[in-house]
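Just dropping this structure here.
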Amino acid sequence: MPLRIATWNVNSLRQRIDHLARFAKDHEPDVICLQEIKMTTESFPAEALAEIGYPHAQVHGQKGYNGVAIISRRRFTKPDRRVWCGRDDCRHVAVNVGGVELHNFYVPAGGDIPDPERNDKFAHKLQFLTEMAKWARKDKLAERKAVLVGDLNVAPLENDVWNHKRLRRNVGHTPVEAEHMAKLWAAGGLIDAPRHFIPEPEQLFTWWGYRFPQAFAKNYGWRLDHVLVTEALRKSMKKLTIARETRTWEKPSDHVPVVLDLK
DNA sequence: ATGGTGGATACTCCA
């Protein structure tokens, strides 16, 4: 049975519920992994999401910041969540669905200064990525049919940003972050699904910032949102879509969905 | 070197 998985940082589910409905209608994912819902688990709009075809939800939310959820057309099992870096700040949720173990992450953005000595947020981000890699290795993720998605807040490859030379000292694209990402891939036996379909040097972006109003028009993008699969799923990957059109809708999220088809 | 915009919150933090 095919399984279509989407990941999307909606930057407030309350603000993006109509966009989510439109995206779901256009792309028909079986499962959607959401990040930055920015609401409590109690205020999650489960009924509205059931109405647009997603009656099953696993939510890990809090007031104001962060928050993740997995919504699904299909029933799932083994709902799970983990606390990372000793903080329960709602950055991970997992389920088993359609024969795969699905993990949804929101990695800390890391602040502005790419120095863990001067910037606690950057230290937190590196620690979070390190913990993910340790978990993937210890839990033997590589031996299972697993999919890891989410806003990992790292653009690891040269063509994952609009200008590598200019941005390699910027948080999100520094060599140390790329190394942490590579360690995660190795620890989990993970394949970079979008790059399986669209290898470098083609540019691949999922995020265009708000701060420069022309960012999308000029394609000043970054690839911060990831879909990773274990080796057992390599041959199951059928199609990869980056739903760029959502960034042109009125009052968009700064991130666009990434969609993977598994057979 | 700096500032730009958006979302949640409550006179400011985070991205």
Side-chain angles (χ1 to χ4, degrees), chain A residues 7-23 33-45 48 59-69 84-92 104-116 118-129 149-156 160-163 165-174 176-177 180-181 205-226 243-258:
Chain A
T7 178
W8 195 7
N9 179 326
V10 288
N11 186 19
S12 169
L13 181 55
R14 206 172 272 116
Q15 293 301 322
R16 229 64 66 193
I17 192 93
D18 292 345
H19 283 200
L20 183 61
R22 185 173 170 188
F23 165 71
C33 296
L34 303 169
Q35 303 90 37
E36 283 206 272
I37 62 172
K38 294 187 174 177
M39 56 169 53
T40 60
T41 301
E42 294 70 39
S43 56
F44 191 78
V59 187
H60 192 190
Q62 64 180 15
K63 192 174 179 178
Y65 304 109
N66 311 333
V68 289
W84 302 82
C85 302
R87 310 184 196 186
D88 193 6
D89 52 359
C90 307
R91 296 181 180 276
H92 170 251
N104 177 22
F105 281 94
Y106 175 52
V107 171
D112 291 328
I113 303 162
D115 178 355
R118 291 169 60 208
N119 174 8
D120 290 343
K121 290 179 187 170
F122 194 70
H124 180 212
K125 180 180 198 174
L126 296 183
Q127 194 196 339
F128 197 102
L129 290 165
V149 306
D151 177 4
L152 305 187
N153 267 313
V154 180
D160 290 342
V161 293
W162 62 276
N163 187 329
K165 274 194 176 175
R166 185 179 169 137
L167 297 170
R168 65 193 168 185
R169 282 169 223 90
N170 284 51
V171 170
H173 190 58
T174 60
V176 66
E177 290 165 278
H180 279 66
M181 184 73 87
F205 306 144
T206 66
W207 176 85
W208 295 261
Y210 291 127
R211 296 187 196 186
F212 181 50
Q214 298 301 308
F216 187 71
K218 293 191 176 291
N219 203 24
Y220 294 163
W222 298 52
R223 185 168 72 111
L224 301 178
D225 302 276
H226 294 267
R244 284 178 67 111
E245 76 279 6
T246 63
R247 191 65 177 76
T248 69
W249 297 346
E250 195 181 349
K251 297 192 97 192
S253 170
D254 42 356
H255 296 256
V256 302
V258 183

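All chains are named by letter (A, B, ...) in the order of the sequence lines, taking the proteins before the strands, and each is independently numbered beginning at 1.
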Point to revise | Modelled atom types, side-chain donor and acceptor of A:Asn66 and A:His60, under 3.5 Å | key: no
Review point. To the nearest angstrom, how far is A:Asn66 atom CG from B:dC14 atom P?
Key: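 From A:Asn66 CG to B:dC14 P: 10 Å.
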Practice item. With C1' as the reference atom in both, quote the distance from B:dA1 to B:dC11 in angstrom, rounded to an integer. Key: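 These two C1' atoms come out 29 Å apart once rounded.
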Point to revise | Separation of the P atoms in B:dG7 and B:dG3, to the nearest angstrom | key: 22 Å
Review point. For atom P, what is the distance between B:dA15 and B:dT9, given to the nearest Å?
Key: 15 Å
Practice item. For this output row, return yes or no: ring centroids of A:Trp249 and A:Phe23 closer than 6.0 angstrom. Key: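 Not under 6.0 Å, so no.
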Point to revise | Separation of B:dT2 C1' from A:Arg166 CZ (nearest whole Å) | key: 12 Å
Review point. Relative to the ring of A:His255, is the ring of A:Trp207 parallel (under 30°), tilted (30 to 60°) or perpendicular (over 60°)?
Key: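 A:Trp207 and A:His255: tilted rings.
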Review point. Is the distance from OP1 or OP2 of B:dT2 to the nearest side-chain N or O of A:Arg211 less than 4.0 Å?
Key: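 Checking A:Arg211 against B:dT2: no side-chain N or O falls below 4.0 Å of OP1 or OP2.
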Check your understanding: What's the CD-C1' distance between A:Glu36 and B:dG7, to the nearest Å?
Key -> 9 Å
Point to revise | Reading 5' to 3' through nucleotides 8-13 of chain B, protein heavy-atom contacts under 4.0 Å coded B for base, S for sugar-phosphate only, - for none | key: SS---B
Check your understanding: Do the side chain of A:Arg14 and the main chain of A:Met39 share a donor and acceptor less than 3.5 angstrom apart?
Key ->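 No.
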Point to revise | Integer-rounded Å distance: B:dG4 C1' and A:Asp254 CG | key: 14 Å
Exercise for review: Starting at atom CG of A:Asn170, determine the distance to atom C1' of B:dA15, rounded to an integer number of angstrom.
Suggested key: 14 Å
Exercise for review: Hey, can you tell me if A:Tyr220 and A:Phe212 have their rings parallel, tilted or perpendicular (30° and 60° cut-offs)?
Suggested key: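 Answer is parallel, since the angle falls under 30°.
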**Study point:** For atom CG of A:Asp89 and atom C1' of B:dA15, their distance in whole Å
**Key:**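 These atoms are roughly 14 Å apart.
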Check your understanding: Rounded to the Å, how far apart are A:His255 NE2 and B:dG6 P?
Key -> 15 Å
**Study point:** Value in whole Å for how far the P atom of B:dG6 lies from NZ of A:Lys251
**Key:** 8 Å
Point to revise | side chain to side chain donor-acceptor pair (under 3.5 Å) partners for A:Gln15, two or more places apart | key: none
Review point. Want to settle it: does A:Asn9 or A:Phe212 sit nearer the 5' end of DNA chain B, counting the closest nucleotide to each?
Key: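 Going by which nucleotide is closer to the 5' end, it is A:Phe212.
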Check your understanding: When the P atoms of B:dG6 and B:dA10 are considered, how many whole Å apart are they?
Key -> 22 Å
Point to revise | Modelled atom types, side-chain donor and acceptor of A:Asn104 and A:Gln35, under 3.5 Å | key: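 Judged by distance alone, the side chains do pair up.
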